[in-house]
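For reference, the structure discussed in these notes is given below.
On a predicted model such as this, the values are computed, not experimentally measured, just so you know.
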Amino acid sequence: MQGIIDGFMVAFTPANLLFVLIGVLIGMLIGVLPGLGPGPTVALLLPLTFTLEPSTAVIMLAGVYYGAMYGGTITAVLLKLPGESASVVTTFDGYQMARQGRAGAALGIAAIGSFVGGLVATCALVLIAPLMAEFGLRIGPPEYTVIALLGLLLVSAMSQGPLIKGVISAGIGLLLAVVGLDPVDAAPRLDFGVPELLDGFNLVVIIIGVYGISELLSGLMEPTPTAAAGPVGKVLPTRDDMRRSAGPIIRGSILGSLLGTVPGGGGDLPSVASYSLERRLAKDPSRFGKGAIEGVAGPETANNAGAVATFIPLLTLGLPPNPILAVIFGALLIQGITPGPSLVVEHPDIFWGVIASMFIGNLVLLILNLPLVRVWVKVARVPVALMTTGTMLVLLVGAFSAANDVFNIWVAIIAGIVGFFLRKAGFEGGPLILGFVFGSILEPAFRQSLLLSRGDLTIFMTRPISGTLIALAVAAAAYSAFRLIRKRRARAKGQRTLPQPLTTEEAPTNADDSSRH
């Protein structure tokens, strides 16, 4: 309890209150603008955090993240244009409500659900984070090796598109992570005679290229169409709307808080899972897709709860569960602070200050978002291409500022071009970034484990925590394979039992038909 009280004292300082407001407003603005999203925006703002206090920097970037989660809802409802990918599900019923003249009710219930979801997830953060941090102090290199490896596999599996593409993208990130001096014997690796590569690639620069520059290039090549906005109407939901939404909001809060803590969590997963759950529990599933308010309340609640819950593994174990948290991970590293189990002891102002700021940020979102709806609708009509030049300049300045080295500008440009072509080929940037982050954790932990066991690989199975995690992963993989085989067999059996088309001899003639009549 004392920790959260101290956290509120940190969050209520004038500077931190100001940057909570700035972060939330920027997040909402970015969420409204289709094509940017919170990932590139957090990467864009990294250079601005160099001169801020560590707690202030993370508070602002966190506000951008969960602010963008709600900002994308506005255009998803009014224009059927999701400001970020997690709002795609909201277009199914939110836009239909707007067409029925109930856009205000959809936005109102989304605001209430987002506030409740964020509040529940923040409370979970207060309760769970210290326990996880204490647990994290008891795990060693073998456990970190298994956790990082499972995290990579989960991120690859949860990425959009084929599994093999997610694995390849994560593999590219792992390859980039080993460039530079060997952490044990300081032998140069994959430097190709370039002195600047002896220090390895800078995480911030890779993020700026793969997430920021490639996103801008995609926006220029594939401009987002605009649509006409409908009337907002009455903002406050009716009593019947609240009755229908109460269950989805409660379930969305719990589901989002749980899914946000796993690798790959946050973002699309909680909203999609919540929509599927509400449709399955509904007495009349046919209402979904036609303006069911439950299809807005559940996903929007889970969306914001998942965004807040992603900070649990980042702050307590030093493991970012998604690419946006990897950017915030990089921001802490720039400040000379390594997230992990010791963060709550060594930097309690950051740990508890960030958590307390989330209570304030979610309240600010609830107060501000609805009065500004009409402003955001006008902003959404601004072509993204008009902002590209200035944004590109800031990104390149940020790449230079990461180490005051012109070489990093070229690395960012090349990473952006490579990221753009990977995106065009169906490969996501998220697994690549997390592969790079987890690679810097995985290799030292794996080699330390082998040193502890004198080269015996059974150390990963004989230690209780790592052995249990491996057993659970194998069981989950076996179950998934079993379900896949059953589904394929059922499909093959169904195709064999389908009635075969009649041959010419078997087909009834016109004479036969007339005789029946």
Side-chain angles (χ1 to χ4, degrees), residues 3 7 23 38-39 42-43 45-46 49 54-66 68-69 118 121-122 124-137 139 143-144 147-148 150-152 154-155 158 203-204 207 211 256-267 269-270 304-358 361 430-431 433-442 445:
V42 173
L45 293 175
L46 272 182
T49 66
S55 58
T56 306
V58 180
I59 284 172
M60 181 186 71
L61 295 178
V64 171
Y65 181 28
Y66 55 79
M69 292 296 108
T122 307
L125 192 59
V126 172
L127 296 174
I128 297 173
L131 298 177
M132 286 192 67
E134 185 178 347
F135 168 77
L137 291 171
I139 64 178
E143 287 78 17
Y144 268 107
I147 292 172
L150 293 181
L152 274 175
L154 281 171
V155 167
M158 291 178 182
L203 172 62
V204 175
I207 288 171
Y211 245 117
S257 298
L258 292 174
L259 293 178
T261 60
V262 302
L269 184 60
N304 214 48
V308 173
T310 53
F311 282 84
I312 294 177
L314 173 70
L315 296 178
T316 59
L317 300 177
L319 298 171
N322 63 41
I324 301 171
L325 268 294
V327 182
I328 298 177
F329 178 84
L332 284 169
L333 293 180
I334 290 171
Q335 300 279 358
I337 295 170
T338 302
S342 60
L343 183 66
V344 67
V345 177
E346 296 176 0
H347 302 282
D349 56 326
I350 297 175
F351 186 87
W352 293 110
V354 170
I355 294 175
S357 74
M358 292 179 180
I433 295 295
L434 287 174
F436 186 84
V437 173
F438 281 133
S440 61
I441 299 171
L442 179 61

By side-chain contact (heavy atoms from CB on, under 4.5 Å), L258 pairs with (sequence neighbours left out) I254
Taken to the nearest 0.5 Å, the spacing of I337 CD1 from I350 CD1 works out to 3.0 Å
For Y65 and A307 the tightest heavy-atom approach is CE2-O, 3.4 Å
Contacts of T316 meeting side-chain contact (heavy atoms from CB on, under 4.5 Å) (sequence neighbours excluded), chain-then-number -> A129, M132, A133, I312, F351
Nearest heavy-atom approach of I59 to G353 is CD1-O, 3.9 Å
Between the CG atom in L61 and the OG1 atom in T56, the distance rounded to the nearest 0.5 Å is 11.0 Å
Distance col, row H347:NE2 vs L315:CG, nearest 0.5 angstrom, shows 12.0 Å
Nearest heavy-atom contact between A309 and G256 is CB-O, 4.1 Å
Looking only at heavy atoms, the pair that brings S357 and V354 closest together is OG-O, 2.6 Å
- prompt: Should F311 and I355 be marked as a side chain to side chain contact (heavy atoms under 4.5 Å, CB included) after you check the CA-CA gap, both sets of side-chain angles, and the distance that decides it?
  reply: CA-CA 9 Å; F311 282 84; I355 294 175; over 6 Å; no
Heavy-atom nearest pair, G306 first then P270, reads CA-CG, 4.2 Å
Nearest heavy-atom contact between L343 and P339 is CD2-CA, 4.5 Å
